Visitor: 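Have a look at the structure that comes next, please.
Since the model is a prediction, treat every value here as computed from it, not as a measurement.
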Amino acid sequence: MPEGPEPLDWTGEALDCSACRFHDRLESGQCGLGWSCLNDRYAKRIERFFLLNPELADENLSHPYFETRVNAARTASVFRLPRLMNDEDPAVRGMAVLRLPASHAERLIKDPERAVRIAVAHRLPPGKLMPMAQDKDGYVRLIVARRAEPGMLPMLSADPDPEVRAEVARRIAPAFLDRFRTDPEPLVRRVAARRRPALFVADDDIRVRHTVAEEGGRDELRRLVADPEDIIRETAIHRLAHIEE
């Protein structure tokens, strides 16, 4: 049954099943107008076509429509994919990166398109991510922070993006957490405070000190029972009472 937008090809023209070289598959239900078609402009129909006809993926990697090439690349033999690393469309290049062996990804570390570099950051082995730590895109660097080997994290602790710094604070060795005491973003300091509460017991942000009250030990809690904020004093007193029972 047809679904989605009107069945048109990628140029906006009406589809003609009788002119398609795969029209013999209509009878078997492997394709159908408005449902499963590699020439449709609607990506879901293209995807369905290759799910039903995976053996046709290899021969459609040069299709003029990028969505068709992307979906063909999902299923095609990996031995056919290296040439797609030079495809004009970033979605196609990104799909090739995700499916090919990780060694191929290094070629596109400097790709001009963000989406491709995101795929590269997901695909490279952790030990090969160093060049991407200076990527201009914050989300690329966030992936690096999530996947990098622990020894690489200190160089990301001063990243301009607070999300990246927060991820570093979650993963970095505890000995390095003191460098986050002066981080300008309270939410980054909160992440660090969960791991080393004692460093942040005198933080000037109520959210950070409350994290200390929730996570700290006896010494931190005793200092917070005199905090000027009611909620922090109450949390500290409540937890301290349970610890000392």
Visitor: Provide the closest heavy-atom pair for H104 versus P82 in the form atom of the first, atom of the second, distance.
Guide: CE1-CG, 4.2 Å

Visitor: Which heavy-atom pair separates P7 from L33 by the least distance, and what is that distance?
Guide: CB-CD1, 4.0 Å

Visitor: Under 6.0 Å from the CD atom of E27, do we count more than 12 heavy atoms belonging to anything else shown?
Guide: no

Visitor: What are the two closest heavy atoms between N39 and C20, and how far apart are they?
Guide: ND2-SG, 4.0 Å

Visitor: Among L61, I46, D87, which residue meets the side-chain contact (heavy atoms from CB on, under 4.5 Å) test with R69?
Guide: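 Single pass found, and it is D87.
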
Visitor: Nearest 0.5 Å please: distance from the OG1 atom of T75 over to the CZ atom of F49.
Guide: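 Rounded to the nearest 0.5 Å, the OG1-CZ separation comes to 11.0 Å.
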
Visitor: Output all residues satisfying salt bridge (Lys or Arg N to Asp or Glu O under 4.0 Å) with D9, sequence neighbours left out; order by chain, then residue number.
Guide: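 Once residues adjacent in sequence are excluded, D9 has no partner under the salt bridge (Lys or Arg N to Asp or Glu O under 4.0 Å) criterion.
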
Visitor: Check this for me, if you would: do R181 and D178 make a salt bridge, where the nitrogen-to-carboxylate-oxygen distance has to be below 4.0 angstrom?
Guide: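 A salt bridge is absent here (no side-chain N lies under 4.0 Å from a carboxylate O).
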
Visitor: Inspect the surroundings of CD1 in I231 and state if more than 12 heavy atoms from other residues, nucleotides or ligands are less than 6.0 Å away.
Guide: no

Visitor: Step through the shown structure and confirm whether more than 12 heavy atoms of other residues, nucleotides or ligands are within 6.0 Å of CD on Q134.
Guide: no

Visitor: Taking the six-membered ring for Trp, are W10 and Y65 parallel (under 30°), tilted (30 to 60°) or perpendicular (over 60°)?
Guide: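 The arrangement is parallel - the two ring planes meet at less than 30°.
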
Visitor: Using only atom types and a distance under 3.5 Å, with no angle test, would you say the side chain of R146 pairs donor to acceptor with the backbone of E167?
Guide: no

Visitor: Assess, by modelled atom type and distance only, whether the side chains of T211 and R189 contain a donor and an acceptor separated by less than 3.5 Å.
Guide: no

Visitor: D137 side chain to V140 main-chain N or O, any donor-acceptor pair under 3.5 Å?
Guide: yes

Visitor: How about E13 and T11: does a side-chain donor come under 3.5 Å of a side-chain acceptor?
Guide: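 Their side chains do not contain a donor-acceptor pair, so the 3.5 Å distance test is not met.
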
Visitor: Might you point out which heavy atoms bring V168 and A145 nearest each other, and give the distance in Å?
Guide: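 Nearest pair, atom of V168 first, then A145: CG2-CB, 4.1 Å.
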
Visitor: Between A202 and R209, what is the shortest heavy-atom contact and its length?
Guide: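 Minimum heavy-atom separation between A202 and R209: C-CD, 4.4 Å.
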
Visitor: Should L199 and V201 be counted in the same cluster of Ile, Leu, Val, Met, Phe, Trp and Tyr side chains packed under 4.5 Å apart?
Guide: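 In one cluster with L199: V201, yes.
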
Visitor: Please determine if K128 and E106 form a salt bridge, counting it only when a charged side-chain N lies under 4.0 Å from a carboxylate O.
Guide: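 Here K128 pairs with E106 in a salt bridge, since their nearest N and O are under 4.0 Å apart.
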
